[in-house]
Amino acid sequence: MFDLVPFGKRRDDAFGVLAKSLNEVFNDDFFAPMKSSTLSFRTDIRESEQAYLIEAELPGFTKEEIDIDYASPYLTIKAVRKEENSEENKDHQVVRRERRYGEYVRRFYVQDIAEDEIRASLKDGLLTLSVPKRQKPLGKRIEIQDSGNSGEQLQ
């Protein structure tokens with residue numbers, strides 16, 4: 001007799017399910033996020049008819065540490081932190097030295113924007129970008145004339 005279960009919907013045996021689970025665990029690159037040299041930051045993006053509004057959370061960064069670049073069609077926000085703390089005792093021997101380096105990068109695909117009118121501000125760790133859209137020219141309605149009444153002919 002024919003099997004009435006649709007193709008691909010058959011129940012696997014217990015060993016098959018276990019083997020599939022183990023393959024998924026070992027094939028998944030668990031350390032991939034830690035291998036990346038760049039980190040990311042949270043953003044909120046809103047769109048209106050006139051512009052995009054991008055809000056990026058960059059706490060602790062100064063405006064000198066943030067670079068915003070537009071190379072069509074990508075808008076890139078990059079923040080680089082290089083921080084060193086050093087403590088010395090009275091004999092000028094290093095007691096503690098800590099270094100922290102990080103590069104945070106986000107790229108956004110945006111087209112048809114007025115790149116000369118992009119504005120950015122930084123306040124309390126919140127970077128706000130206003131990215132105006134390029135205004136599309138309005139179309140012109142063309143009236144259809146009666147060819148029988150005008151008497152004009154195209155040459």
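Below, all heavy atoms of this structure are taken into account, side chains as well, without hydrogens, waters or symmetry copies.
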Got a sec, which residues hit side-chain contact (heavy atoms from CB on, under 4.5 Å) with [X], two or more places apart in sequence or on another chain?
X   : result
T62 : E64, E65
K82 : V80, Y101
R46 : L53, E55

Show your working on side-chain contact (heavy atoms from CB on, under 4.5 Å) between I118 and L129 and close with a plain yes or no. CA-CA 7 Å; I118 298 173; L129 281 109; 4.0 Å; yes
From [X] [atom1] over to [Y] [atom2], what is the distance, rounded to the nearest 0.5 angstrom?
X    : Y    : atom1 : atom2 : result
F41  : I66  : CZ    : CD1   : 8.0 Å
T128 : K123 : OG1   : NZ    : 10.0 Å
R106 : R42  : CZ    : CZ    : 10.0 Å
D69  : I77  : CG    : CD1   : 11.0 Å

Residue list, salt bridge (Lys or Arg N to Asp or Glu O under 4.0 Å) with R141, at least two apart or on another chain: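 R141 satisfies salt bridge (Lys or Arg N to Asp or Glu O under 4.0 Å) with E143 only.
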Taking G60's backbone N and O only, do any of them form a donor-acceptor pair with R81's side chain (distance below 3.5 Å, no angle check)?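 Side chain of R81 to backbone of G60, a donor-acceptor pair under 3.5 Å: yes, one is there.
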Does one hydrophobic cluster hold both V131 and I45, with members joined at side-chain heavy-atom distances below 4.5 Å? yes
With sequence neighbours excluded, tell me which residues meet side chain to side chain donor-acceptor pair (under 3.5 Å) with E49. none
For residues 108-116, which side-chain N or O atoms pair as donor and acceptor with protein atoms under 3.5 Å away, sequence neighbours left out?
residue	atom	partner	partner atom	Å
Y109	OH	Q111	OE1	3.4
Y109	OH	Q111	NE2	3.3

Residues A51 and P132: closest non-hydrogen pair is CB-CA, 3.7 Å
Ignoring hydrogens, what is the shortest heavy-atom contact between Y104 and S40? Give both atom names and the distance. CD2-O, 3.6 Å
pair S72-Y74: side-chain heavy atoms closer than 4.5 Å: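 Answer no - side chains too far apart.
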Indicate yes or no: at least one non-hydrogen side-chain atom of I54 is less than 4.5 angstrom from one of L75.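 With C-beta onward as the side chain, the pair touches.
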Yes or no on side-chain contact (heavy atoms from CB on, under 4.5 Å) for T76 and D67, after CA distance, side-chain angles and deciding distance? CA-CA 8 Å; T76 305; D67 184 34; over 6 Å; no
Check for me whether K133 meets the cation-pi criterion with Y52, that is, NZ or CZ under 6.0 Å from the six-membered ring centre and within 45 degrees of the ring axis. yes
